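These figures come from a predicted structure and were not determined experimentally.
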Amino acid sequence: MAVVLVTGGTGLVGSALKYVIETEPVGSRFGKQTEDEKWIFLSSKEGDLRDLAQTEAIFKKYKPTHVIHLAALVGGLFHNMKKKLTFLRDNCLINDNVLWASHEGQVQKVISCLSTCVFPDKVTYPIDETMVHLGPPHESNFGYAHGKRLVDVSNHAYHDQYGSNFTSAIPTNIFGPHDNYSLEDSHVIPGLVHKCLLAKKNNTPFIVSGTGKPLRQFIYSRDLAKLFIWQLREYGEIDPIILSVGEKEEVSIKQVADAIVKAVGFTGDYSFDTTKADGQYKKTASNEKLMKLLPDFKFTPFEEALDESVKWFLENYDTARTGFN
């Protein structure tokens, strides 16, 4: 019987995986393969993955055959800039412990979730999977980026030394239900959704940090969940794969903010604070490798996915991760 352990199982992507596994038909491409296939969505309450003994105890308890490793210390641009060492150390500890416990427990396959911030700052676009180690990452999040890069190094080392089937995924910017909506340390979409909602409630201006010019590719968490399930079943390489919408789906932060204003129904003053940092201008990634392997995959249109995410946040505001509860 397959036992799939999802670390970070109650976060944005873990919640989306749970949703997809519970709603897709058994035996379908994105559903459980069999009725008795077991999925465990691990929360941080069950143990601190920075501690090897606690990590090993979790693996001994559940005896997973497969692992989707999502757990990480994550945060938005300004949080990353302030705490580079914390992001480096904590993520290195988490990743090392999960991979070692997977090796000890003879896990058949591990997929770890990376991020496009692993790519070099000075790079030609579009980015592809061969470029991960071609130069230093952007200064703003080099702690987090190096912590994630080392997962790819570890995957190849485990494969070379032990024949382990450990691989990784590089999603672009993820958003969706169950995101972190804290105003202090969230990513751009949930942070702006929360900010816009408060501006509407309090009848105050909606001010977006930066110029609004940077470009990003956004992937809906439930689309990404399906791609992780596909990768677990069908992807055979140790090298990472970019899980993303195509280059033509790239949008500016201003387009994102415009769509949020529309989805929230905000009609007040709305402007950009150009004294605030923008971060990287673009991180355009190629999904050519994914599309060759899975050419018929249909992504949810951005505005539809954003509407679903805003609707979820409005309905679950009191229990969502807002930083106020």
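Considering CD of Glu288 and CD of Glu129, their distance stands at 9.0 Å, rounded to 0.5 Å.
Side-chain N or O atoms of Gln54 include none that pairs as donor or acceptor with a backbone N or O of Leu49 at under 3.5 Å. The closest donor-acceptor contact from the side chain of Gln255 to the backbone of Ser252 lies under 3.5 Å.
Within a 6.0 Å radius of CG in Asp160, more than 12 heavy atoms belonging to other residues, nucleotides or ligands are found.
Residues forming a salt bridge (charged side-chain N to carboxylate O under 4.0 Å, His left out) with Asp90 (at least two apart in sequence, or on another chain): Arg50.
Ring geometry, Tyr144 versus Phe87: the interplanar angle exceeds 60°, so the pair is classed perpendicular (tilted spans 30 to 60°). The aromatic rings of Phe313 and Tyr181 lie parallel to each other, with less than 30° between the two planes, well short of the 60° mark.
Considering only heavy atoms from C-beta on, Tyr220 stays 4.5 Å or farther from Leu224 through its side chain. Between Ser209 and Lys195 the shortest side-chain heavy-atom distance falls below 4.5 Å. Residues Phe228 and Leu232 form no side-chain contact, since every pair of their non-hydrogen atoms from C-beta on lies 4.5 Å or further apart. Within the 4.5 Å cutoff, no side-chain heavy atoms of Lys226 are placed close to those of Arg29. Residues Phe302 and Glu249 form no side-chain contact, since every pair of their non-hydrogen atoms from C-beta on lies 4.5 Å or further apart. Under the 4.5 Å side-chain criterion, counting only non-hydrogen atoms from C-beta, Thr172 is not in contact with Phe218. Residues Pro171 and Cys113 have side chains in contact (heavy-atom distance under 4.5 Å, counting atoms from C-beta outward).
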(message) Working note: Asn91 + His146, criterion side-chain hydrogen bond (donor to acceptor under 3.5 Å, both in side chains); need CA distance, chi angles, decisive distance, verdict.
(response) CA-CA 9 Å; Asn91 285 304; His146 278 300; over 6 Å; no
(request) Could you give me the CA-CA distance, side-chain angles and deciding distance for His103 and Tyr162, then say whether ring pair (Phe, Tyr, Trp, His ring centres under 6.0 Å) is met? (result) CA-CA 8 Å; His103 164 66; Tyr162 298 115; 4.0 Å; yes
(message) Working note: His194 + Tyr317, criterion side-chain hydrogen bond (donor to acceptor under 3.5 Å, both in side chains); need CA distance, chi angles, decisive distance, verdict.
(response) CA-CA 9 Å; His194 191 182; Tyr317 185 83; 2.9 Å; yes
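In terms of heavy atoms, Asp152 sits closest to His133 at OD2-NE2, 2.8 Å.
With hydrophobic clusters built from ILVMFWY side chains whose heavy atoms lie under 4.5 angstrom apart, Leu5 does not share a cluster with Phe41. Linking ILVMFWY residues whenever their side-chain heavy atoms come closer than 4.5 Å, directly or via other members, places Ile241 and Leu70 in the same cluster.
Centroid-to-centroid, the aromatic rings of Phe297 and Phe299 come within less than 6.0 Å.
Taking the centre and axis of the six-membered ring of Phe119, the NZ or CZ atom of Lys283 falls outside the cone set by 45° and 6.0 Å.
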